S.K.: 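One structure is given below, represented as C-alpha cells, and several questions about it will come after.
A quick note: this is a predicted structure, and the numbers were derived from the prediction, not measured.
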Amino acid sequence: MAGRRRGRGGGDVMESICSVLALVLILVACVELCGAATVVDVYRLIQYDLAGDPFGSRAAGLSHHAGAPPFAPGVDLSRTVAMIPVRELNLTFLQDYIASKNPLGGLLLLLPHKLGESRNEAGDGMLRSTLVDLERLLIHSNVPYPVYFAFEDEKIDTVLADVRRSDATGQPASATTGGYKMVVSSPEPKKIQSATITNIQGWLPGLKRDEDVNQLPTIAIVASYDTFGAAPALSVGSDSNGSGVVALLEVARLFSRLYSSPRTRGRYNLLFGLTSGGPYNYNGTLKWLRSFDQRLRESIDYAICLNSIGSWNDELWMHVSKPPENSYIKQVFESLSDVAVELGVKVGIKHKKINISNPRVAWEHEQFSRLRVTAVTLSELPQAPELLESTGGLYDTRNAVDETAIQKGVKLVAESLARHIYGRQGKNVQIFSDNSSLAVSPSYINAWVDLLSRTPRVAPFLSKTDPLVTALKKELSEHTVEVNLQHDVLDGMFTFYDSSKASLSIYQVASVAFDLLLLLAVGSYLILLFSFLVIATRGLDDLLNIFRRPPPRKMKTA
C-alpha cells in the first residue's frame, strides 16, 4: 500500500513537472507575441473586380517579418514584408516583381507624413509623378499579397532604421534570426453587395409669370462628388473633384441671393446636381439623367460640368462633344471667354467626338450628349484621364489645391451664367463684383475644401445615410428648393470588397536561439528547484523513485 502511495505520489509529481514545463514552453513560444513595439494605422490597397477580372490587393491578413530594400537578387521574400518609403521607391523593381508574379509576404509603402505640404517644395513634382505612376501600376494589377500604406512617423522610422541595420549586417529578419514581425489581424475581405450611389439635386426656379414655370428654359450646373484611388480610406480628392463640388455650392449660394427677390430673379430655371459614380463612367450621372422625363430634358438649354478646377493658373479648358460651331456651344464659349479676358485668364476649347459603340465615358458632359442634351465640361485638365485614374489619388490632398484658383473658377462660371440669364452678353458688367453683397466668399470656399479634404468619398464605401451625403443635401437645401436624393445601384461591371483600413502591430521578436537558451535556463532552474524541495521534504530515496522504472505488472500481482 505504501509503495502504491509512493508510486502515485511520484506520478503526481511528474505530472506537475510536465505541466510546469508545458507552461514554460507556451510562454517561450509566445515571447514574440507579447509586447508590440508599436501599433499604427494602415490603409489597404483597393480590391475590386472589373467585368469579372480581379484587380488590386487580393489578401488582407499579414503575419511576417519585416525587411527593407535593397534585396539580394533571387532572395526568397515569400515570408517578408517589404517596407519601402515612397520617396525611395524603385518603381521598375516593383513593376518587374509584380509582373513576374514573384511571391512576397506583404508590401508596406510609407507615405510622407505631410504629403504635398508645399506646392513649390523641391522634389515635390517628382514625388507626385511617382505617386501617380505607383497608383496606376497598383490599381491595374492583380496583386496576390497584402499591400498597405502608412504614414512615416518617429515609430515607423525607428523600425525601418533597425531593419536596415540588421539587413546590412547580413542577418535579415527571419524566424531563426529574430527582428521585427508585422501582424495585421484582418478577416478575409468580402464583396460589397449592391453598392449604392446617391445623386443630390436642387432647383432655383426662374421667374414665373403667366405661363407654367416648368416651361422656362433650364441651365444645369453639375459636379461629381465621389472619388477613387489606390487606398479608398485616403481618397479625399481635394481637387478631383472636391474643387468642382465646392465651386457648385458657391455658385448656388450666389444665385440663391439673386433669385431670392422677384425683381432680380432670372427667366431661367437653375438645376444643381451633385452626382455619384463619377470614376465609374459617370454611372450616377447617366441614371440621374434617365430619371428625368422627356419634357425636362428638352427644357435644358445646356449643362456646365465642373471637374478639377482647384490647381490651375491662367487657363481652363472647355471640353465639348458637339462641334465648336454649334450655336449653343459657341454661345457658351464666347460667354466664358469674355469674362476670362476681364479676369486676365484664358479659356481654351477641346472637341472630342463620342464613339457610341465604346462604353467608356471620358467626361461627364458626354452622358448628357448621349441623350442629346448640350453640355460642356470645364476643367484644368487638357486631356481626359484614363479609366479610374486622376480621380482622387494619394497626392490629391488639401495642399494640392489653390483656393484662389477655385475662386477664379467660380467667378468665371457665375459671371458668364448671369450675363446669359440677364441678357448682358458682351457687356462689361460686374454682377458679382468684389466687396459687394454678391461677392465670392473665400471663407465659404476654404471651409468646404477643408471638409472635403478630410472625407474619403469612394462611392461603394458610402452608405445612403453617410454624414457626407447628409451634409451636402443640407447645404444645398440652404440655397435651393425641392432638394431630393436619388438612390441607385452601381453598374454591375464593378465589384468592390470591404476592409479598407486596419491596425498594424509591429513586434520586436527574439531569435529561435534565444528562445531555446531561455527555455534551457528556465527548465534547468525548475528541475533543480524541484529536486531540492523533494530532497528537503521527503529524502533522496523518494527523488530517485520518481525516475525509476515501475515494476512489471506480474510482480505487482505477486
S.K.: Does the separation of the ring centres of Y48 and F55 fall below 6.0 angstrom?
M.R.: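 Yes, the ring centres sit under 6.0 Å apart.
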
S.K.: State whether the side chain of S379 and the backbone N or O of N307 hold a donor-acceptor pair below 3.5 Å, judged by distance alone.
M.R.: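 Looks like yes, one N/O pair under 3.5 Å.
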
S.K.: Hey, what do you get for CG (N90) to CD1 (I84), rounding to the nearest 0.5 Å?
M.R.: 8.5 Å

S.K.: Test V236 against D396 for side chain to side chain contact (heavy atoms under 4.5 Å, CB included), laying out the working first.
M.R.: CA-CA 7 Å; V236 297; D396 196 354; over 6 Å; no

S.K.: Can you tell me if D49 and Y497 form a side-chain donor-acceptor pair at under 3.5 Å?
M.R.: yes

S.K.: Give a yes-or-no answer on whether the side chains of T377 and H319 include a donor-acceptor pair shorter than 3.5 Å.
M.R.: no

S.K.: Tell me whether the guanidinium CZ or amine NZ of K346 lies under 6.0 angstrom from the six-membered ring centre of W312 and within 45° of its axis.
M.R.: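 Geometry flag: not set, cation outside 6.0 Å or 45°.
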
S.K.: Any donor-acceptor pair under 3.5 Å linking the side-chain atoms of S321 with those of E366?
M.R.: no

S.K.: Distance check, rounded to the nearest 0.5 Å: L417 atom CG versus I219 atom CD1?
M.R.: 5.5 Å

S.K.: Just by distance, no angles: are the side chains of T397 and N399 close enough, under 3.5 Å, to form a donor-acceptor pair?
M.R.: no

S.K.: Ignoring hydrogens and angles, state whether a donor on the side chain of S500 or D498 is under 3.5 Å from an acceptor on the partner side chain.
M.R.: no

S.K.: Could you tell me how the ring of F496 sits relative to the ring of F494: parallel (under 30°), tilted (30 to 60°) or perpendicular (over 60°)?
M.R.: parallel

S.K.: Shortest non-hydrogen contact from A459 to D226?
M.R.: CB-OD2, 3.3 Å

S.K.: Does S240 use its side chain to pair, donor to acceptor, with the backbone of S390 at less than 3.5 Å?
M.R.: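 Yes; judged by distance alone, with no hydrogens or angles, the pair exists.
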
S.K.: What pair of heavy atoms forms the shortest contact from L104 to L107, and how long is it?
M.R.: CD2-CB, 4.2 Å

S.K.: At their closest point, which heavy atom of A150 faces which heavy atom of D41, and how far apart are they?
M.R.: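 Here A150 and D41 meet closest at CB-O, 4.0 Å.
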
S.K.: Taking atom types as modelled, find out whether N241 and Y225 have a side-chain donor-acceptor pair closer than 3.5 angstrom.
M.R.: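 No, because no side-chain N or O of N241 sits under 3.5 Å from a partner of the opposite role on Y225.
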
S.K.: Can you tell me how far CD1 of I192 sits from OG1 of T495, rounded to the nearest 0.5 angstrom?
M.R.: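 Rounded to the nearest 0.5 Å, the OG1-CD1 separation comes to 10.0 Å.
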
S.K.: Please determine whether side-chain hydrogen bond (donor to acceptor under 3.5 Å, both in side chains) holds for the pair T198 and Q486, giving the CA-CA distance in whole Å, both sets of side-chain angles, and the decisive distance to 0.1 Å.
M.R.: CA-CA 5 Å; T198 301; Q486 179 200 29; over 6 Å; no

S.K.: Start with the C-alpha distance between V320 and K350, add both sets of side-chain angles, then the distance that settles side chain to side chain contact (heavy atoms under 4.5 Å, CB included), and finish with yes or no.
M.R.: CA-CA 6 Å; V320 297; K350 294 277 188 176; over 6 Å; no

S.K.: Using atom types as modelled and distance alone, determine if a side-chain donor or acceptor of R44 lies under 3.5 Å from a backbone N or O of P232.
M.R.: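 Checked: no pair found.
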
S.K.: Would a 4.5 Å heavy-atom cut-off, applied to side chains only, mark L412 and L336 as touching?
M.R.: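 Yes, their side chains come closer than 4.5 Å.
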
S.K.: Are the aromatic rings of F432 and F255 close, with centres under 6.0 Å apart?
M.R.: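 For F432 and F255, the ring centres are under 6.0 Å apart.
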
S.K.: Heavy atoms, side chains only, cut-off 4.5 Å: are P442 and Q407 in contact?
M.R.: yes

S.K.: Where the side chain of D488 meets the backbone of I197, is there a donor-acceptor pair that is under 3.5 Å apart?
M.R.: no

S.K.: With a distance cut-off below 6.0 Å to the six-membered ring centre and an angular limit of 45° from the axis, does R58 pair with Y145 as a cation-pi contact?
M.R.: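 Cation-pi check for R58 and Y145: fails.
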
S.K.: Are S100 and D96 close enough that a side-chain donor and a side-chain acceptor fall under 3.5 Å?
M.R.: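 There is no such pair (donor and acceptor under 3.5 Å, judged by atom type) between the side chains of S100 and D96.
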
S.K.: Please find the pair of heavy atoms, one from L127 and one from R87, that lie closest to each other, and give the distance.
M.R.: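 Reported closest heavy-atom pair: CD2-NH1, 4.1 Å.
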
S.K.: Any side-chain donor-acceptor pair under 3.5 Å between Q201 and W288?
M.R.: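 The answer is yes; a qualifying pair exists.
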
S.K.: Drop me the distance from K155's NZ to D153's CG, to the nearest 0.5 angstrom.
M.R.: 7.0 Å

S.K.: Check the angle between the aromatic planes of W363 and H365 and answer parallel, tilted or perpendicular using the 30° and 60° thresholds.
M.R.: parallel

S.K.: Provide the closest heavy-atom pair for G310 versus I406 in the form atom of the first, atom of the second, distance.
M.R.: CA-CG1, 3.8 Å

S.K.: With no hydrogens and no angle check, do the side chains of E364 and T275 hold a donor and an acceptor under 3.5 Å apart?
M.R.: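 There is such a pair between these side chains.
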
S.K.: Under the 3.5 angstrom rule, does the side chain of N199 hit a backbone N or O of S276 as a donor-acceptor pair?
M.R.: yes

S.K.: Is the backbone N or O of Q383 less than 3.5 Å from a side-chain atom of K352, with the two atoms forming a donor-acceptor pair by type?
M.R.: no

S.K.: Please evaluate residues I221 and L306 with respect to the criterion side chain to side chain contact (heavy atoms under 4.5 Å, CB included), reporting the C-alpha separation (whole Å), side-chain torsions for both, the decisive distance (0.1 Å), and the verdict.
M.R.: CA-CA 8 Å; I221 301 92; L306 304 175; 4.1 Å; yes

S.K.: Could you walk me through whether V222 and L274 pass the side chain to side chain contact (heavy atoms under 4.5 Å, CB included) check?
M.R.: CA-CA 6 Å; V222 187; L274 291 170; over 6 Å; no

S.K.: Could you state the interatomic distance from CZ (R457) to CG (L468), rounded to the nearest 0.5 Å?
M.R.: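 Output value for this atom pair is 6.5 Å.
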
S.K.: Within the distance-only criterion (no hydrogens, no angle test), does the side chain of S311 pair as donor or acceptor with the backbone N or O of D402 below 3.5 angstrom?
M.R.: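 Pair absent, no side-chain N/O of S311 close to backbone of D402.
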
S.K.: Using side-chain heavy atoms (C-beta onward) and a distance below 4.5 Å, is S57 in contact with I46?
M.R.: no

S.K.: Under 3.5 Å, side chain of N281 to main-chain N/O of N283, donor-acceptor pair present?
M.R.: no

S.K.: What closest approach, in Å, do P146 and A60 show between heavy atoms, and which atom pair accounts for it?
M.R.: CB-O, 4.1 Å

S.K.: If I take atom CG from residue L451 and atom CG from residue L472, how far apart are they, to the nearest 0.5 angstrom?
M.R.: 8.0 Å

S.K.: Looking at R136 and E386, is any side-chain nitrogen of the basic one under 4.0 Å from a carboxylate oxygen of the acidic one?
M.R.: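 Looking at R136 together with E386, the answer is no, because their closest N to O distance does not fall below 4.0 Å.
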
S.K.: Before accepting this row, confirm whether a basic side-chain N of the pair E403/R398 lies closer than 4.0 Å to the acidic partner's carboxylate O.
M.R.: yes

S.K.: Do V246 and Y444 come within less than 4.5 Å of each other through their side chains, counting heavy atoms only?
M.R.: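 Sidechains of Y444 and V246: no contact.
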
S.K.: Is it true that S499 and S186 share a donor-acceptor pair across their side chains at a distance under 3.5 Å?
M.R.: yes

S.K.: Do Q367 side-chain atoms and L286 backbone N/O form a donor-acceptor pair below 3.5 Å?
M.R.: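 No: the side chain of Q367 does not pair with the backbone of L286.
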
S.K.: Looking at Y148 and A502, would you say the former's side chain and the latter's main chain have a donor-acceptor pair under 3.5 Å?
M.R.: no

S.K.: Go through the side-chain N and O atoms of S453 and S238 and say whether any donor and acceptor fall under 3.5 Å apart.
M.R.: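 Yes, because at least one side-chain N or O of S453 sits under 3.5 Å from a partner of the opposite role on S238.
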
